Protein chains: 2
Amino acid sequence: MLEKNKISIDSSIENLISIHPLLSKSFTKSIRTKTNLNPGSLYVLGVLRRHDILSMSEIGCKLSMPKPHVTSLVDKLIAEDMVERLLDPKDRRIVNIRITEKGIDDFNAIKLEISQELRIRLEKLSAEKLDILAEASKQIKDILIEMELSYNGSSTCCK
Amino acid sequence: MLEKNKISIDSSIENLISIHPLLSKSFTKSIRTKTNLNPGSLYVLGVLRRHDILSMSEIGCKLSMPKPHVTSLVDKLIAEDMVERLLDPKDRRIVNIRITEKGIDDFNAIKLEISQELRIRLEKLSAEKLDILAEASKQIKDILIEMELSYNGSSTCCK
DNA sequence: AATAATACTTACAAAAATATAACTATTATT
DNA sequence: AATAATAGTTATATTTTTGTAAGTATTATT
């Protein structure tokens, strides 16, 4: 590991640790007040929006949630017809969860709702900063998703 | 509002909504397993690390926490000598909280602890991606902190 | 001077997340 | 065939967070 890379890693960690509670502030409260889903169920819906189909274990792994919690969150989403259970024909122990059309529509609507306050604050930024934010947020999202995938494949997750 | 800005805002929101649970996954679990602070207390410590002194109301505002919760989280930090109460000489209703030297040291140590897993994953990234991540995360942090401040000044917060 | 508003605390209830153990059904190993 | 391992569920307890109401001390308003 090069010295230059170490510096990049250190400052990335420093920045990401600061970003986390700031984003949390932006979204968690709106999820509670503006939707009838709890935050956990919405995160499950979000990860299914990205992957379409995941087993119960994979969901728990990707969101670092204990399995029993995943069960209860998925139960709520099923009650709302946002996701559905599919039995895996190759291994009948596995329960695959797929997001439904309604789930996709609802998720998009919820995203609009919970981002209203953030949108108001973003509208006050300069055009230049908005450009920077759009580009930087895309880069971080892509890298985190890439890491999520590689992490998932390792032995430390979904053991 | 220009059409170009709208597009930047929409895609920023889309990206930030995806980033949030991915970061949450990275940190929340390590906070529980590797520290004896609950996540809330650590967020309070983090915001005090950035601002040095804040009143109880300001802390609650910046972290979108109900006041009674702030009281209990600050109590825990005081018990650990990480922060201290200061009476405001100009308005004796106000309780200002200041991070101590020990609080700063502890926070830095905790940051190292809770970022270990993330560090392992970051080390697998290419040098090019690490550069991008370091730069992008700094840009986002700066913009979110700038918004935090302006948000704080508006009438919608700390009412 | 009396009243209202503010900052904070205390007390309590409820929602959400976490952790653990026990259990069923299925698949893999021996 | 017997045993072990895996995927998921159920049940239960604990921690963390949220929300609300009431109360104290102080400051601002009238």
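Note: hydrogens, waters and symmetry copies are ignored here, and every other heavy atom, side chains too, is used. Protein chains get the first letters and strands the later ones, always in sequence-line order, with residue 1 at the start of each. Please read these numbers as outputs of a predicted model, since none were measured by experiment.
- A donor-acceptor contact closer than 3.5 angstrom links the side chains of A:K34 and A:Q116.
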Grab the N/O contacts between the protein and nucleotides 25-30 of chain C below 3.5 Å, and write none if there aren't any.
residue	atom	partner	partner atom	Å
C:dT27	OP1	A:R92	N	3.0
C:dT27	O4'	A:R93	NE	3.4

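- Between B:P68 and A:N96, the residue anchored closer to the 5' end of DNA chain D is A:N96, taking for each the nucleotide with the nearest heavy atom.
- OP1 or OP2 of D:dT9 has at least one side-chain nitrogen or oxygen of A:T71 nearer than 4.0 Å.
- Rounded to an integer number of Å, the gap from CG of B:L87 to C1' of D:dA25 is 12 Å.
- We find that A:D10 and B:R119 are joined by a salt bridge, their nearest charged nitrogen and carboxylate oxygen being less than 4.0 Å apart.
- When rounded to the nearest whole Å, the span between CD of B:E58 and P of C:dC8 equals 8 Å.
- C:dT20 and D:dA11 make up a base pair, with Watson-Crick or G-U wobble contacts both under 3.5 Å.
- Of the charged side-chain nitrogens involved, at least one lies within less than 4.0 Å of a carboxylate oxygen, so that B:D131 and A:K4 count as a salt-bridged pair.
- In this structure, B:L86 places its CG atom 16 Å from C1' of C:dA7, rounding to the nearest Å.
- A 6.0 Å sphere centred on CG of A:L87 holds no more than 12 heavy atoms belonging to other residues, nucleotides or ligands.
- Spacing between atom CZ of B:F27 and atom P of D:dT16 amounts to 19 Å, rounded to whole angstrom units.
- B:V44 and B:I145 end up in the same hydrophobic cluster when Ile, Leu, Val, Met, Phe, Trp and Tyr side chains are linked at under 4.5 Å.
- Relative to the side chain of A:P39, the nucleotides D:dG8, C:dA16, D:dT17 differ in distance, and C:dA16 lies closest.
- The distance between atom CD1 of B:I31 and atom P of D:dT16, rounded to the nearest whole Å, is 12 Å.
- Heavy atoms only, all atoms of each residue included: B:K25 and A:S64 are closest at CG-OG, 3.2 Å.
- Between the CG atom of A:N38 and the C1' atom of D:dT16 there is a distance of 14 Å, rounded to whole Å.
- Contact check, A:R32 against C:dA17: no side-chain N or O comes under 4.0 Å of OP1 or OP2.
- Protein atom NZ of B:K29 is 6 Å distant from nucleotide atom P of C:dA19, rounded to whole Å.
- Scanning all heavy atoms of the two residues, the minimum distance from A:I13 to B:S115 falls at CG2-CB, 3.3 Å.
- At whole-Å resolution of the value, NE2 in A:H69 and P in D:dT17 are 14 Å apart.
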